Amino acid sequence: MKIEHVAMYVNNLEAARDFFVNYLGGKSNDGYHNKNTDFRSYFISFEDGARLEIMNKPGMVDIDKPLNRTGLIHIAFSVGSKEKVDELTSKLKEDGFEVVSGPRTTGDGYYESCIVGIEGNQIEITV
């Protein structure tokens with residue numbers, strides 16, 4: 001058993017696609033558009049086979065996303081080394097994304113940082 005993909009609704013589909021491609025090395029498909037419902041999506045594939053589906057459709061409710069809540073809270077990306085965690089965290093901070101923790105070694109042994117990424121969704125960057 002494996003997780004086939006994770007899906008996320010977003011308001012700005014192209015900006016979300018660009019975030020995952022430019023910062024996290026994803027590869028995007030050409031996109032999908034259902035003309036009857038105006039549903040649109042992109043699948044973003046990552047080197048190890050993991051995939052993220054980003055989606056948009058009319059009439060979505062955009063609620064606040066407090067960091068401490070129930071439900072899915074973050075997506076974690078492994079970048080391969082502490083140095084790469086530090087570099088990507090610095091780049092994201094320079095580009096205006098909020099760093100909410102780290103880079104640091106957590107109590108359970110992860111070297112990581114967390115940022116508030118596209119549209120208020122938390123992204124964890126780890127070794």
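In this chain, numbering begins with 1 at the start of the sequence shown. None of these values were measured; they are calculated from a predicted model. Below, each value reflects all heavy atoms present in this structure, side chains not excepted, and no hydrogens, waters or symmetry copies.
Going from atom OG1 of T126 over to atom NE2 of H74 covers 9.0 Å, rounded to the nearest 0.5 Å. Taking CG of N22 as the reference point, atom CZ of R17 lies at 9.0 Å (rounded to 0.5 Å). Distance CD/E124 to OG/S78: 10.0 Å, rounded to 0.5 Å. Atom CZ of R69 and atom CD of Q122 lie 8.0 Å apart (nearest 0.5 Å). Rounding to the nearest 0.5 angstrom, the gap separating the CG atom in L13 from the NZ atom in K57 is 13.5 Å.
When all heavy atoms of T37 and N34 are compared, the closest pair comes out as N-OD1, 3.1 Å. Scanning both residues, I118 and A16, for their nearest heavy atoms gives CG1-CA, 3.8 Å. The minimum heavy-atom distance linking T106 with E112 is given by the pair CG2-OE2, 3.2 Å. Between V116 and F97, the shortest heavy-atom distance links the atoms O-CD2, 3.4 Å. What you find for V127 and K82 is that their closest heavy atoms are CG2-N, 3.6 Å. Taking both residues in full, the closest heavy atoms of G26 and I44 are given as CA-CG2, 3.7 Å, listed atom of the first, atom of the second, then distance.
Surrounding CG of D48 are more than 12 heavy atoms belonging to other residues, nucleotides or ligands, all under 6.0 Å away. Residue D108 qualifies as enclosed at atom CG: its count of foreign heavy atoms under 6.0 Å is above 12. No more than 12 heavy-atom neighbours from other residues, nucleotides or ligands sit within 6.0 angstrom of CD on E47. For Y110, the OH atom is loosely surrounded, since the number of other residues' heavy atoms within 6.0 Å does not exceed 12.
Between M8 and M55, every side-chain heavy-atom pair lies at or beyond the 4.5 Å cut-off. Considering only heavy atoms from C-beta on, N121 stays 4.5 Å or farther from I75 through its side chain.
No side-chain donor from either of D18 and Y23 sits under 3.5 Å from a side-chain acceptor of the other. Side-chain contact, H33 with D38: a donor N or O sits under 3.5 Å from an acceptor N or O.
When the side chains of ILVMFWY residues are joined at heavy-atom separations under 4.5 Å, either directly or via intervening members, V79 and V6 end up in a single hydrophobic cluster. Neither I54 nor I63 shares a network with the other; the hydrophobic side chains, linked directly or stepwise wherever heavy atoms of I, L, V, M, F, W or Y lie under 4.5 Å apart, form separate groups for each. In this structure, Y32 is a member of the same hydrophobic cluster as M60, with clusters built from ILVMFWY side-chain heavy atoms closer than 4.5 Å. Residues F77 and L67 do not share a hydrophobic cluster, defined by chaining ILVMFWY side chains whose heavy atoms lie under 4.5 Å apart.
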Practice problem: Give the C-alpha distance, both sets of side-chain angles, the deciding distance and a yes or no for side-chain contact (heavy atoms from CB on, under 4.5 Å) between R51 and E4. | Solution: CA-CA 7 Å; R51 297 189 320 149; E4 204 289 325; 3.0 Å; yes
Exercise. Output, in order, the C-alpha distance, side-chain angles, deciding distance and verdict of side-chain contact (heavy atoms from CB on, under 4.5 Å) for D95 and K93.
Key: CA-CA 5 Å; D95 290 351; K93 184 176 183 176; over 6 Å; no
Quiz item: Does the side-chain contact (heavy atoms from CB on, under 4.5 Å) test come out yes or no for L92 and I123, once each step is laid out?
Solution: CA-CA 11 Å; L92 288 160; I123 305 294; over 6 Å; no
Practice problem: Please report the C-alpha distance between T89 and V99 in whole Å, then the side-chain angles of each, then the deciding distance to 0.1 Å, and finally whether the side-chain contact (heavy atoms from CB on, under 4.5 Å) criterion is met. | Solution: CA-CA 7 Å; T89 303; V99 176; 3.9 Å; yes
Practice problem: Evaluate the criterion ring-ring contact (aromatic ring centres under 6.0 Å, His included) for residue pair F43 and F20; output intermediate values, then yes/no. | Solution: CA-CA 10 Å; F43 270 96; F20 290 107; over 10 Å; no
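Below 30°, between 30° and 60°, or above 60°: for Y9 and F39 the angle between ring planes is above 60°, a perpendicular geometry.
In this structure, the side chain to side chain contact (heavy atoms under 4.5 Å, CB included) partners of S101, at least two apart in sequence or on a different chain, are R104, C114.
The main-chain N or O of N11 is found under 3.5 Å from a side-chain atom of E119 such that the two form a donor-acceptor pair.
A salt bridge links K65 and D62; the closest N-O separation between the charged side-chain nitrogens and carboxylate oxygens is under 4.0 Å. Using a cut-off of 4.0 Å between Lys/Arg side-chain N and Asp/Glu carboxylate O, K84 and D86 are scored as not salt-bridged.
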